[in-house]
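To start, the structure under review is shown below, and the notes come after it.
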Amino acid sequence: VNINPAADTICRQDSISLLATGGISYQWSPSASLSSSSGASVNAGPISTTVYTVTATDINGCQNTASSEITVLAQPIVAAVAASSSICINDSTQLSASGAVTYSWYYPVNISATSGSSILAFPVTNSTYHVIGTDAFGCTDTAHIPLVVNPLPVMDIVAPIGICNGDTCQISVNGVSNYNWSPTTGINPTIGNIINCFPTVTTNYTVLGTDSNGCMNTA
């Protein structure tokens with residue numbers, strides 16, 4: 001009786017086909033991690049190193065056994081993190097993986113590279129990125145990184161379209177939590193949602209607004 005292979009090494013969660021020859025019927029043990037306990041060919045999916053034994057019976061009813069030792073390698077533990085798990089639209093964040101030797105990243109679009117321990121992601125909507133890490137023995141593990149993409153804030157400005165030279169005006173804005181105005185000449189204060197303006201020439205004032213997520217936009 002022979003088993004092919006007589007010995008082999010697999011990664012945990014993988015399987016291997018065992019083929020016995022020499023008899024007309026076969027019984028395998030242990031059967032817990034086998035696709036079947038009988039038949040010439042079975043699939044083995046052990047979670048730890050296991051010796052499988054097959055008992056073969058020939059046409060005369062005589063029996064003999066053979067064994068195959070399947071060594072199970074430990075699976076790598078791959079960890080993946082984002083430099084920032086919550087970003088603003090049009091921004092990017094660095095994704096890093098560890099725990100293996102090589103890494104393959106997959107997501108349909110918006111990554112700077114598909115391999116390497118560190119890449120850049122440019123998501124435009126809430127997304128989950130995935131990385132497969134492979135160790136020196138070819139065993140793999142997968143990690144996932146969810147990213148939240150926040151929209152840019154929208155601000156509403158109320159301001160006069162014009163004033164007479166020497167007059168003052170007021171500009172107000174809402175929609176975010178922090179405001180910075182420019183240019184700073186001819187206005188007071190230069191921060192806040194309400195400013196007083198007294199330009200001496202036609203001027204275009206711009207406010208940079210920052211919301212609670214740190215996202216910025218101008219109006």
Side-chain angles (χ1 to χ4, degrees), residues 5 7-17 33 35 43-50 69-157 173-183 190-191 193 204 206-219:
D8 208 338
T9 300
I10 65 172
C11 300
R12 188 170 182 176
Q13 297 184 349
D14 285 350
S15 63
I16 187 170
S17 178
S33 55
S35 60
N43 286 324
I47 60 174
S48 60
T49 298
T50 302
E69 182 176 21
I70 305 302
T71 301
V72 179
L73 300 174
Q75 188 178 21
I77 299 175
V78 175
V81 296
S84 177
S85 60
S86 179
I87 66 172
C88 304
I89 194 168
N90 301 326
D91 286 349
S92 64
T93 187
Q94 186 178 51
L95 309 181
S96 301
S98 60
V101 177
T102 61
Y103 305 90
S104 297
W105 297 84
Y106 60 100
Y107 185 78
V109 291
N110 304 324
I111 54 177
S112 63
T114 56
S115 62
S117 60
S118 181
I119 66 167
L120 290 176
F122 310 86
V124 295
T125 60
N126 293 348
S127 306
T128 299
Y129 290 84
H130 316 275
V131 59
I132 300 175
T134 305
D135 66 13
F137 301 104
C139 299
T140 63
D141 187 30
T142 303
H144 313 278
I145 306 177
L147 297 180
V148 174
V149 179
N150 298 298
L152 297 183
V154 176
M155 293 177 289
D156 294 319
I157 286 186
V173 61
N174 61 71
V176 295
S177 51
N178 291 291
Y179 306 88
N180 286 274
W181 296 82
S182 65
T190 59
I191 60 174
N193 69 314
N204 184 60
T206 300
V207 60
L208 174 67
T210 306
D211 64 14
S212 58
N213 296 311
C215 297
M216 296 183 291
N217 204 358
T218 59

Step by step, would you call L152 with I89 a side chain to side chain contact (heavy atoms under 4.5 Å, CB included)? CA-CA 7 Å; L152 297 183; I89 194 168; 3.7 Å; yes
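D141 places a side-chain N or O within donor-acceptor distance of the main-chain N or O of V78, the cut-off being under 3.5 Å. Side-chain atoms of W105 come within 3.5 Å of backbone N or O of G116 as a donor-acceptor pair.
The heavy-atom pair separating S177 from S212 by the smallest distance is OG-N, 3.9 Å. Contact record, P153 with G209: CG-O, 4.1 Å, taken as the closest heavy-atom pair. Closest non-hydrogen pair, N193 versus Y179, comes out as CB-CE1, 3.5 Å. Pairing each heavy atom of P76 with each of C139, the nearest pair is CG-O, 3.5 Å. Contact detail for L147 and A82: the closest heavy-atom pair is CD2-CB, 3.7 Å. Here the closest heavy-atom approach between residue A136 and residue V101 is recorded as N-CG2, 3.7 Å.
A distance of 9.5 Å separates CD1 of I132 from NE2 of H130, quoted to the nearest 0.5 Å. From I111, atom CD1 reaches atom CG of L120 across 10.5 Å, with rounding to the nearest 0.5 Å. Between atom OH of residue Y129 and atom OG1 of residue T93 there is a gap of 10.0 Å, rounded to the nearest 0.5 Å. Taking CD1 of I16 as the reference point, atom CD1 of I10 lies at 6.0 Å (rounded to 0.5 Å). Atom CG of residue N178 and atom CE of residue M216 lie 11.0 Å apart, to the nearest 0.5 angstrom. Expressed to the nearest 0.5 Å, how far OG1 of T49 lies from CZ of R12 amounts to 10.5 Å.
Side-chain contact between T125 and V149 is absent, with no heavy-atom pair separated by less than 4.5 Å. Annotation: side chain of F122 is in contact with side chain of S112 (closest heavy-atom distance under 4.5 Å). Counting heavy atoms from C-beta outward, S127 and N110 have side chains that stay 4.5 Å or more apart. Counting only heavy atoms from C-beta outward, the side chains of V131 and L95 never approach each other to under 4.5 Å. S118 is listed as a side-chain neighbour of Q94, based on a closest heavy-atom distance under 4.5 Å. The shortest side-chain heavy-atom distance between D135 and L73 does not fall under the 4.5 Å cut-off. Looking at heavy atoms from C-beta onward, T210 lies out of side-chain contact with V176 at the 4.5 angstrom threshold. In this structure, Y103 and I119 have side chains that are not in contact, with every pair of non-hydrogen atoms separated by 4.5 Å or more.
In the displayed structure, M155 atom CE is contacted under 6.0 Å by more than 12 heavy atoms of other residues, nucleotides or ligands. Around atom CD1 of I191, no more than 12 heavy atoms belonging to other residues, nucleotides or ligands sit under 6.0 Å away.
A donor-acceptor pair shorter than 3.5 Å can be found between the side chains of S86 and N150.
Partner I87 forms a side-chain contact (heavy atoms from CB on, under 4.5 Å) with one of C215, P123, S92 and no other, that one being P123.
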